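Being a predicted model, the structure only gives us computed values, none of them experimental.
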Amino acid sequence: MKGKKKYIIVTPYFPSESSHVGSYIYDQAKIIDSSEYFSVKVVKVVSCFINESDYHFKGIDVSIFKVLDFPFFILPGFFNSINSIRFRRFLKNKGFIDNLDVLHGHVSYPSAYLINAISSMLNVRTIIQHHALDPLQLMNCRFNAIKKFQYHFIKNRSLRQINKVGLNVSVSNKVSSVLYDYKDYNPSNEYVLYNGVDRTKFYNMDVSRDSTNYILGCVANFWPIKDHINLIKAIELLVREGIDDIYLRLIGTGETLYFCQNFVEKNNLEDYKCFELERPHEYMNQFYNEIDLFVLPSYFEALGCVLMEAWATDTPTISIKGQGFSELITKEERGYLLADARSPASLKKKIFEQYQNRHSHPFDDKCDINNTIFEFLKQPFFHEK
């Protein structure tokens, strides 16, 4: 469309034919690109050690920029001066500089560093979007010997970078509050942009569910913070109390998977649990529609996209108190949809309440991604220079 300005998304996460990671960012890109204001280009930033080349994904061209860095997230940003020069040249060679209006980065490193390299030479709007409860990525260091030095190295440099950005966007008020825990966080402008849902992908299919069992589902990587084991223990408590028509479907892979499988086997819970392989994102709507209740026991969750997707199918969802999703439900719903963190007994209680009473949980259309993004684009930030 003639007259549209360039809107460049800089992100380490974007889906491809072989991976659905970053699907929400793709949905966001498509809606922004369909607006009357902007034409979207995507730059996916990867390590120089990754073998990945430019590709096209469902209407979006994705250009790969390789960042020079030490491996294993050691001293990220150490080569920022070199990467900044390289990134300026990269955008110029791609023809992305002409008519450029917005640079929207996802995740503070390396995106904020790179977009600031451009804003230092061009008058463009800059955005950095924070998706996690570790927005400065301080938990990424793997080596105890340098953890203290690494912590201060990343924290101080990343705070300076995100403070330079024109608009800091958080996916929940919870994320924003975490940023304010750092006394040197001093943003120019802020906005909370909840992860909206594409209702053409996730919706109530009005299918018949299993009438013989009450089916629970959970979709999450098997990491300690996702806390699958306490969900499994909650099911064990229900089974021991005589609820034998309950069944849990778990989708995901990761470091705690074997531990969870071993617990199920040792406690004779195989008849009540099923571990399933990850599946393409486009098949997840069917899964959400097949279950009676979605449960995400994670206690470190900015705003789980899987919770939003399940909610969009009108499937009731149980999550943990104090996480980003709690901001989107009513005070009454918090009473029966939120459990205490790391507590099998609390999860058991909330699941049993839902099992008995079948509380409905209709989706709030304000969280349709068309509405969240178009409200976002109405902000004065985009229309004032």
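A donor-acceptor pair is defined here as one N or O able to donate and one able to accept, closer than 3.5 Å; no such pair exists between the side chain of Glu301 and the backbone of Gln323. Proximity of a side-chain donor or acceptor of Ser120 to a complementary backbone N or O of Ala117 within less than 3.5 Å is detected. In this structure a side-chain-to-backbone donor-acceptor pair under 3.5 Å is present from Asn168 to Ile162. A donor-acceptor pair under 3.5 Å is formed between the side chain of Ser111 and the backbone N or O of His106. Listed for the Thr126 side chain is no donor-acceptor partner under 3.5 Å among the backbone atoms of Val165. At distances below 3.5 Å, at least one donor-acceptor pair connects side-chain atoms of Tyr113 with backbone N or O atoms of Ser158. At distances below 3.5 Å, at least one donor-acceptor pair connects side-chain atoms of Glu327 with backbone N or O atoms of Asn173. Using a distance-only test at 3.5 Å, with no hydrogens or angles considered, a donor-acceptor pair links the side chain of Lys4 to the main chain of Ser35. Under a 3.5 Å cut-off, the side chain of Lys366 and the backbone N or O of Asn371 do not form any donor-acceptor pair. Counting only distance, with no hydrogens or angles, the side chain of Arg199 and the backbone of Phe202 share a donor-acceptor pair below 3.5 Å.
Shown here for Tyr24 and Cys305, the closest heavy-atom pair between the two residues is CB-SG, 3.9 Å. The two residues Ile50 and Lys66 have their closest heavy-atom pair at O-NZ, 3.0 Å. Of all non-hydrogen atoms in Thr317 and Leu337, the two that sit nearest each other are O-CD2, 3.1 Å. A pairwise comparison of heavy atoms in Tyr194 and Val171 identifies CD2-O, 3.3 Å as the closest pair.
A distance of 12.0 Å separates CG of Leu248 from OH of Tyr214, quoted to the nearest 0.5 Å. Residue Leu136 holds its CG atom at 8.5 Å from NZ of Lys155, rounded to the nearest 0.5 Å.
Taking the side chain as every heavy atom from C-beta outward, Gln129 and Ile25 never approach each other to under 4.5 Å. Side chains of Arg125 and Leu167 form no contact here, defined as non-hydrogen atoms less than 4.5 Å apart. Leu133 has its side chain within reach of Val175: a pair of non-hydrogen atoms, C-beta onward, lies under 4.5 Å apart. Within the 4.5 Å cutoff, the side chain of Leu231 has heavy atoms near those of the Ile351 side chain. Taking the side chain as every heavy atom from C-beta outward, Ile146 and Phe153 never approach each other to under 4.5 Å. Looking at heavy atoms from C-beta onward, Leu307 lies out of side-chain contact with Leu328 at the 4.5 angstrom threshold.
Counting only residues at least two apart or on different chains, the salt bridge (Lys or Arg N to Asp or Glu O under 4.0 Å) pairs with a member in residues 262-281 are Arg249-Glu276, Glu276-Arg279. Within the structure, the salt bridge (Lys or Arg N to Asp or Glu O under 4.0 Å) test picks out the following pairs touching residues 17-30 (sequence neighbours left out): Asp27-Lys201. Within the structure, side chain to side chain donor-acceptor pair (under 3.5 Å) pairs that include any residue of residues 39-48 comprise Lys44-Glu52 (at least two apart or interchain). Residue pairs meeting the salt bridge (Lys or Arg N to Asp or Glu O under 4.0 Å) criterion with at least one partner in residues 77-100, sequence neighbours excluded, are Asp54-Lys94. Applying the ring pair (Phe, Tyr, Trp, His ring centres under 6.0 Å) rule to pairs touching residues 297-349 yields Trp311-Phe325, Trp311-His361, Trp311-Phe363, Tyr336-His359, sequence neighbours excluded. Within the structure, the salt bridge (Lys or Arg N to Asp or Glu O under 4.0 Å) test picks out the following pairs touching residues 305-322 (sequence neighbours left out): Lys321-Asp340.
Residues Ile85 and Leu114 are members of separate hydrophobic clusters, defined by side-chain heavy-atom contacts under 4.5 angstrom among Ile, Leu, Val, Met, Phe, Trp and Tyr. Hydrophobic clustering keeps Phe49 apart from Leu68 (ILVMFWY residues linked when any side-chain heavy atoms are closer than 4.5 Å, directly or through intermediates). Cluster annotation: Leu347 is connected to Ile329 through the hydrophobic network of ILVMFWY side chains, with a link wherever side-chain heavy atoms come within less than 4.5 Å. Phe96 and Ile118 fall within the same hydrophobic cluster, defined by Ile, Leu, Val, Met, Phe, Trp and Tyr side-chain heavy atoms under 4.5 Å apart, directly or through other members. Hydrophobic clustering (side-chain heavy atoms under 4.5 Å, transitive across Ile, Leu, Val, Met, Phe, Trp, Tyr) keeps Tyr203 apart from Met308.
Looking at Ser108 and Gln137, their side chains do bring a donor and an acceptor atom within 3.5 Å of each other. Side chains of Tyr109 and Asp69: a donor on one and an acceptor on the other come within 3.5 Å.
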Hey, can you pull the donor-acceptor pairs under 3.5 Å for the side chains in residues 251-264, sequence neighbours left out?
residue : atom : partner : partner atom : Å
Thr256  : OG1  : Phe222  : O            : 3.1

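Note: His20 and His281 have parallel aromatic rings, judged against thresholds of 30 and 60 degrees for the angle between ring planes.
Residues forming a side chain to side chain contact (heavy atoms under 4.5 Å, CB included) with Pro280 (at least two apart in sequence, or on another chain): Glu282, Tyr283. Residues meeting the salt bridge (Lys or Arg N to Asp or Glu O under 4.0 Å) test with Arg240, sequence neighbours left out: Glu236. Applying the side chain to side chain contact (heavy atoms under 4.5 Å, CB included) criterion to Thr372, with sequence neighbours excluded, gives Leu193, Ile369. For Tyr7, the ring pair (Phe, Tyr, Trp, His ring centres under 6.0 Å) criterion is met by Phe38, His104, not counting sequence neighbours. Residues passing the ring pair (Phe, Tyr, Trp, His ring centres under 6.0 Å) test with Tyr55, sequence neighbours excluded: none.
Ion pairing of Lys350 with Glu353 is absent here, as no side-chain N (NZ or NE/NH1/NH2) approaches a carboxylate O to less than 4.0 Å.
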CA sep, side-chain torsions, deciding dist, call: Phe376, Ile31, side chain to side chain contact (heavy atoms under 4.5 Å, CB included): CA-CA 11 Å; Phe376 177 54; Ile31 300 297; over 6 Å; no

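Taking the six-membered ring where the residue is Trp, the centroids of Tyr37 and Phe382 are separated by 6.0 Å or more.
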